[in-house]
Number of protein chains: 2
Amino acid sequence: MARVATTTDAFNAVAEPRRRQILDVLAAGERPVNDLVRRLGLAQPLVSKHLRVLREVGLVDVRDEGRQRIYRLNGRSLKPIHDWVKNYEQAWAERFDRLDVVLEELKGAEHTGKEQGDGSDDE
Amino acid sequence: MARVATTTDAFNAVAEPRRRQILDVLAAGERPVNDLVRRLGLAQPLVSKHLRVLREVGLVDVRDEGRQRIYRLNGRSLKPIHDWVKNYEQAWAERFDRLDVVLEELKGAEHTGKEQGDGSDDE
DNA sequence: TTGACATATACCGATATAGGCATATAGGGT
DNA sequence: ACCCTATATGCCTATATCGGTATATGTCAA
């Protein structure tokens with residue numbers, strides 16, 4: 001048997017560095033494919049294939065706009081990963097057992113994190 | 001070319017569900033290999049191989065104890081994953097509102113709305 | 001229609017993965 | 001010494017990956 005298919009879940013989709021790159025770019029705002037191609041310096045078919053994988057695990061959404069396809073981040077699909085790693089957080093942050101510290105960090109993450117201001121969540 | 005080697009980084013190591021299972025078991029405490037074998041119902045060589053991968057990316061440590069090898073979780077290696085996903089937390093922040101509320105109650109409404117409206121073109 | 005552009009897909013090659021089975025290595029007990 | 005247990009590794013197969021090149025699909029413009 002070969003490895004678990006990359007289209008299985010977000011874990012596998014995100015294991016590929018280029019796909020993480022794509023998501024990182026999309027985090028700044030939706031973009032057409034060619035924009036990603038130029039920005040990442042990858043071959044266009046390769047980008048399309050990676051986008052397909054990301055689409056199949058729900059990490060990105062597409063919208064047709066003329067002859068362009070606008071891809072948009074759908075970070076919700078990363079939640080399973082976040083939920084899983086979160087359980088290990090204490091392994092590198094033993095201060096984590098105090099609720100106030102938890103909340104402090106939570107808040108910090110909100111205005112310290114890079115702007116993703118695309119507001120892609122909806123529904 | 002094939003996929004990036006699973007021994008490359010934690011992202012790839014953790015993309016394999018069995019390896020996540022192993023880590024989950026080890027999260028409860030260090031264990032010898034046979035313990036994992038019984039607990040996961042996998043073939044012993046398979047467990048050993050997965051443990052090797054986990055070891056090579058630093059996700060577990062080993063200690064020799066007689067003729068047993070005690071594996072122990074080293075969750076610090078998961079931090080890169082956590083750091084990466086954390087930036088996307090806002091994408092599913094609807095659920096997060098609940099925590100925002102708690103935060104505001106504790107800290108006195110320090111929370112400011114998230115900035116939006118990037119989507120700007122560029123380059 | 002023709003042509004140019006934007007994106008997706010088909011096909012191919014090389015790689016290395018997960019898992020199975022058999023065996024090697026190593027330590028403990030007798 | 002021997003045997004038994006515990007674990008690691010080697011060899012093998014099937015699979016499906018990633019990346020490349022070529023082509024198909026689709027959309028706009030003249």
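- At distances below 3.5 Å, at least one donor-acceptor pair connects side-chain atoms of Arg20(A) with backbone N or O atoms of Ala15(A).
- A residue-by-residue look at Leu42(A) and Gln68(A) shows that Leu42(A) has its nearest nucleotide of DNA chain D further toward the 5' end.
- Arg67(A) has its CZ atom 6 Å from the P atom of dA6(C), to the nearest Å.
- Remark: P of dA16(D) and CG of Asn12(A) are 13 Å apart, rounded to the nearest angstrom.
- The base of dA6(D) does not come close enough to the side chain of Gln44(B) for any donor and acceptor atom to sit less than 3.5 Å apart.
- For His50(B) and dT7(D), the NE2 to P distance is 17 Å, given to the nearest whole Å.
- In this model, no side-chain donor or acceptor of Glu16(B) finds a partner on the base of dA18(C) within 3.5 Å.
- The listed nucleotides are dG19(C), dT9(D), dT7(C); the one nearest the side chain of Arg55(B) is dT9(D).
- For Asn34(A), taking side-chain heavy atoms from C-beta onward, the closest of the listed nucleotides dG10(D), dT7(C), dT5(D) is dT7(C).
- Looking at the side chain of Lys49(B), the nearest of the listed nucleotides dG20(C), dA18(C), dT7(D) is dG20(C).
- For Arg19(B) and dA18(C), the shortest distance from a side-chain N or O to OP1 or OP2 is below 4.0 Å.
- The closest side-chain donor-acceptor pair between Arg55(B) and Tyr71(B) falls under 3.5 angstrom.
- Side-chain proximity of Ala43(A) to dG20(D), dA6(D), dA8(D): nearest is dG20(D).
- For the pair Gly66(A) and Arg18(A), both in contact range of DNA chain D, the more 5′-proximal nearest nucleotide belongs to Arg18(A).
- Here the side chain of Arg19(A) pairs a donor or acceptor atom with the backbone of Ala13(A) at under 3.5 angstrom.
- Among the nucleotides dA18(C), dG19(D), dT7(C), the one closest to any side-chain atom of Leu46(A) is dG19(D).
- The nearest whole Å value for the distance from the CZ atom in Phe11(B) to the P atom in dT17(C) is 18 Å.
- Of the possible polar contacts, one joining the Arg31(B) side chain to the Val25(B) backbone as a donor-acceptor pair under 3.5 Å is found.
- Residue contacts shown for Pro45(A) include a base, since a base heavy atom lies under 4.0 Å away.
- Side-chain atoms of Asp24(A) and Tyr88(B) include a donor-acceptor pair closer than 3.5 Å.
- dG19(D) atom P lies 12 Å from atom CG of Leu40(A), rounded to whole Å.
- As a whole-Å value, the separation of Ile70(B) CD1 from dA26(C) C1' is 15 Å.
- The side chain of Tyr71(A) places no N or O atom within less than 4.0 Å of a non-bridging phosphate oxygen (OP1 or OP2) of dA6(C).
- In this structure, Glu65(A) atom CD and dG26(D) atom P are separated by 19 Å, rounded to whole Å.
- Contact annotation: Arg69(A) side-chain N/O to dA8(C) OP1/OP2 distance is under 4.0 Å.
- Residue Leu51(A) contributes atom CG, which lies 11 Å from atom P of dT9(C) at whole-angstrom precision.
- Remark: side-chain polar atoms of Asp9(A) are paired, donor with acceptor, to backbone N or O of Asn12(A) under 3.5 angstrom.
- The phosphate of dT9(C) has OP1 or OP2 within less than 4.0 Å of a side-chain N or O from Arg52(A).
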